[in-house]
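Worksheet: one structure, shown below.
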There are 2 protein chains.
Amino acid sequence: MPGYGFSGYFCGESFLPVTPSSDHLHPAVSRPEPAVLQQRLAAAGLRATHQRILILESLLVLPGHPTAEQVHRQVMANTPTVSLGTVYKTLDSFVEVGLTKRVASADAQCRRYDSDCSEHHHLYCTDTKEIIDYCNPQLDALIRDFFAKQGLENFQPHSFSLHIAGTRVS
Amino acid sequence: MPGYGFSGYFCGESFLPVTPSSDHLHPAVSRPEPAVLQQRLAAAGLRATHQRILILESLLVLPGHPTAEQVHRQVMANTPTVSLGTVYKTLDSFVEVGLTKRVASADAQCRRYDSDCSEHHHLYCTDTKEIIDYCNPQLDALIRDFFAKQGLENFQPHSFSLHIAGTRVS
DNA sequence: ATGCTTGCAAACTCTTTGCACACCA
DNA sequence: TGGTGTGCAAAGAGTTTGCAAGCAT
């Protein structure tokens, strides 16, 4: 499976590269064309402002699951006048229209965003607090089959995500 | 399966009862004896102060996944002098020694705690923002088998939890 | 031109911290 | 009694809000 990448990050300030190591990897993001971003915004029913294009680009380009703060910093590298408040408002509307997702985390002190809206799972390293994307269609099929056969009463599932806590090993 | 209960709550202020409806339910909590709580604290290596006993009791008694604020309110009903700061500090130490867990939630504005440290899953209702506990040993076995057969490279899983988003249906 | 978006700053919520006093072991 | 835990209040971090000015359609 060529063209696949692996993303990871640390909860603190620093970003760490994560070595490709598994068969269950994520599509690498190539720098998106402004025109494409503009189109995605329009398709989502949002006005394509300069700020929104920058914020969407930052989301797609940043590794892992950035905070509003980290998105802001990335945006500022290009256009230093964009305010943090705008980043918050924009991320909210992106979530609303499905351009991004919020990532669930048990010990989160702040919200994290995930530009990858496809279904995937998360590995939590309890040592380093790292969150690593994990996708495995076989696993998805397994779980989906399970619920198809013996479904949930009184609950219509739309999507699921497995949170696996553990430790990274070299 | 007698003696089983079902817990649910709303993200806002109000609590709603959730009708028992599924086969995959959670043990109902009976009001714990202070002596037992004291023992659990001691076993966890914590001093059994009045406040800690109250907070542990509140955690066990409150339905769903209470916030620090909700725990505090519950504690105050018994002893109105306990401070919110103490509740925070205490919940932190409880998490540290494994007496409680933090619950992951994508759109959490504040931390939620779960006194049920056994492995279980969560149903998120996207309409009502309700979080419903769900446990199903068959599902657990299925997932565990899957990882036993084709494990994760470079990652040693300790526990997992499935987050199922969807909508409640009557 | 109209109305959605932005920047700014203040306000707000949740959580942490420092310190003197209190209390468990 | 010694050292940990608590209450209080202030500070800190993250997020939201209100409003005038700016910009996309």
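Order of the sequence lines fixes the chain letters, A, B, ..., with proteins taken first and strands second; residue numbering starts at 1 for each chain.
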Between A:Arg111 and D:dT16, is there a side-chain N or O to OP1/OP2 distance below 4.0 Å?
yes

Name the residue closer to the 5' end of DNA chain D, choosing between B:Leu46 and B:Gly85 according to the nucleotide with the nearest heavy atom.
B:Leu46

Measuring to OP1 and OP2 of C:dT6, would you say a side-chain N or O of A:Thr49 lies under 4.0 angstrom away?
yes

Please state how far atom CD in B:Glu69 lies from atom P in C:dC12, giving the value in whole angstrom units.
16 Å

From the list C:dC14, D:dG14, C:dT5, which nucleotide is the closest neighbour of the side chain of A:Cys110?
D:dG14

For C:dG7, does OP1 or OP2 lie under 4.0 Å from any side-chain N or O of A:Ser83?
yes

B:His163 ring center within less than 6.0 Å of A:His163 ring center:
yes

Minimum side-chain heavy-atom gap B:Leu46-B:Leu99 below 4.5 Å:
yes

Nearest-nucleotide wise, let me know which of B:Arg47 and B:His50 is further upstream toward the 5' end of DNA chain D.
B:Arg47

Tell me the interatomic distance from A:His72, atom NE2, to D:dA13, atom P, rounded to whole angstroms.
17 Å

Please determine, for the side chain of A:Tyr88, which listed nucleotide (C:dA25, D:dT15, D:dG5) has the closest atom?
D:dT15

Residue A:Gln51, side-chain heavy atoms: nucleotide from D:dT15, C:dT6, D:dG5 that is nearest:
C:dT6

Interatomic distance where CG belongs to B:Asp92 and C1' belongs to C:dC14 [whole Å]:
13 Å

Rounded to whole angstrom units, what separation is found between the CD atom of A:Gln109 and the P atom of C:dT17?
9 Å

Okay, side chain of A:His72, backbone of A:Val82: is any donor-acceptor separation there less than 3.5 Å?
yes

Check whether any side-chain N or O of B:Arg102 sits under 3.5 Å from a backbone N or O of B:Val95 as a donor-acceptor pair, and report yes or no.
no

Protein-nucleotide distance (A:Gln39, atom CD; D:dT25, atom P), rounded to Å
13 Å

Where the side chain of B:Arg52 is concerned, which of D:dT6, C:dT16, C:dT6 is the nearest nucleotide?
D:dT6

Please give, in whole Å, the distance from C:dA11 P to A:Leu84 CG?
18 Å

Options D:dG7, D:dT16, C:dT16, nucleotide nearest the side-chain atoms of B:Thr81:
D:dG7

Any ion pair linking A:Arg144 and A:Glu119 (charged N to carboxylate O, less than 4.0 Å)?
yes

Compare side-chain N and O positions of B:Thr86 against OP1 and OP2 of D:dG5 and report whether any pair is under 4.0 Å apart.
no

Between D:dT4 atom C1' and B:Leu41 atom CG, what is the distance in whole Å?
14 Å

The side chain of B:Lys89 lies closest to which of these nucleotides: D:dT16, C:dG18, C:dG7?
C:dG18

Just how far, in rounded Å, is C1' of D:dA13 from CZ of A:Arg112?
14 Å

